Amino acid sequence: MAASQTASQSHAGPGIDPPKKGDAFRCSSCGMEVQVASDCGCQDKNHVHFECCGKQMEKM
């Protein structure tokens with residue numbers, strides 16, 4: 001996975017829809033971004049977490 005992959009400003013976590021292709025996430029501490037390349041098709045949407053620098057990444 002490339003370091004430029006993204007997330008977004010809202011947190012991926014409990015009650016949030018699973019990540020979808022094109023979603024981007026960013027670390028508020030170091031600025032690293034992650035972009036989702038494929039949809040998450042899992043039924044349990046509470047299991048997906050993106051973390052960096054010990055904190056939840058924010059959806060952009």
Side-chain angles (χ1 to χ4, degrees):
M1 227 178 204
S4 65
Q5 293 180 335
T6 56
S8 95
Q9 286 180 350
S10 30
H11 299 287
I16 302 299
D17 289 336
K20 298 211 184 311
K21 182 177 180 177
D23 285 350
F25 295 83
R26 181 180 181 107
C27 175
S28 61
S29 294
C30 73
M32 185 199 58
E33 295 180 0
V34 176
Q35 185 169 20
V36 178
S38 298
D39 291 349
C40 175
C42 297
Q43 295 298 318
D44 180 6
K45 56 184 158 186
N46 294 322
H47 79 283
V48 179
H49 303 280
F50 297 111
E51 294 181 357
C52 185
C53 296
K55 296 191 267 184
Q56 188 84 3
M57 295 178 77
E58 297 179 347
K59 190 170 182 182
M60 299 175 50

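All values reported here derive from a predicted model rather than from experimental measurement. What's counted below: heavy atoms across the whole structure, side chains too, no hydrogens, waters or symmetry copies.
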Item to check | Atom of M32, atom of C52 and distance for their closest heavy-atom approach | outcome: CE-SG, 3.9 Å
Checklist entry - What is the minimum heavy-atom distance between C27 and M57, and which atoms define it? => result N-CE, 3.7 Å
Checklist outcome for this item: Residue set satisfying side-chain contact (heavy atoms from CB on, under 4.5 Å) with C40, at least two apart, ordered chain then number -> P18, P19, C42, H47, V48
Checklist entry - Can you tell me how far NZ of K21 sits from CG of D39, rounded to the nearest 0.5 angstrom? => result 8.0 Å
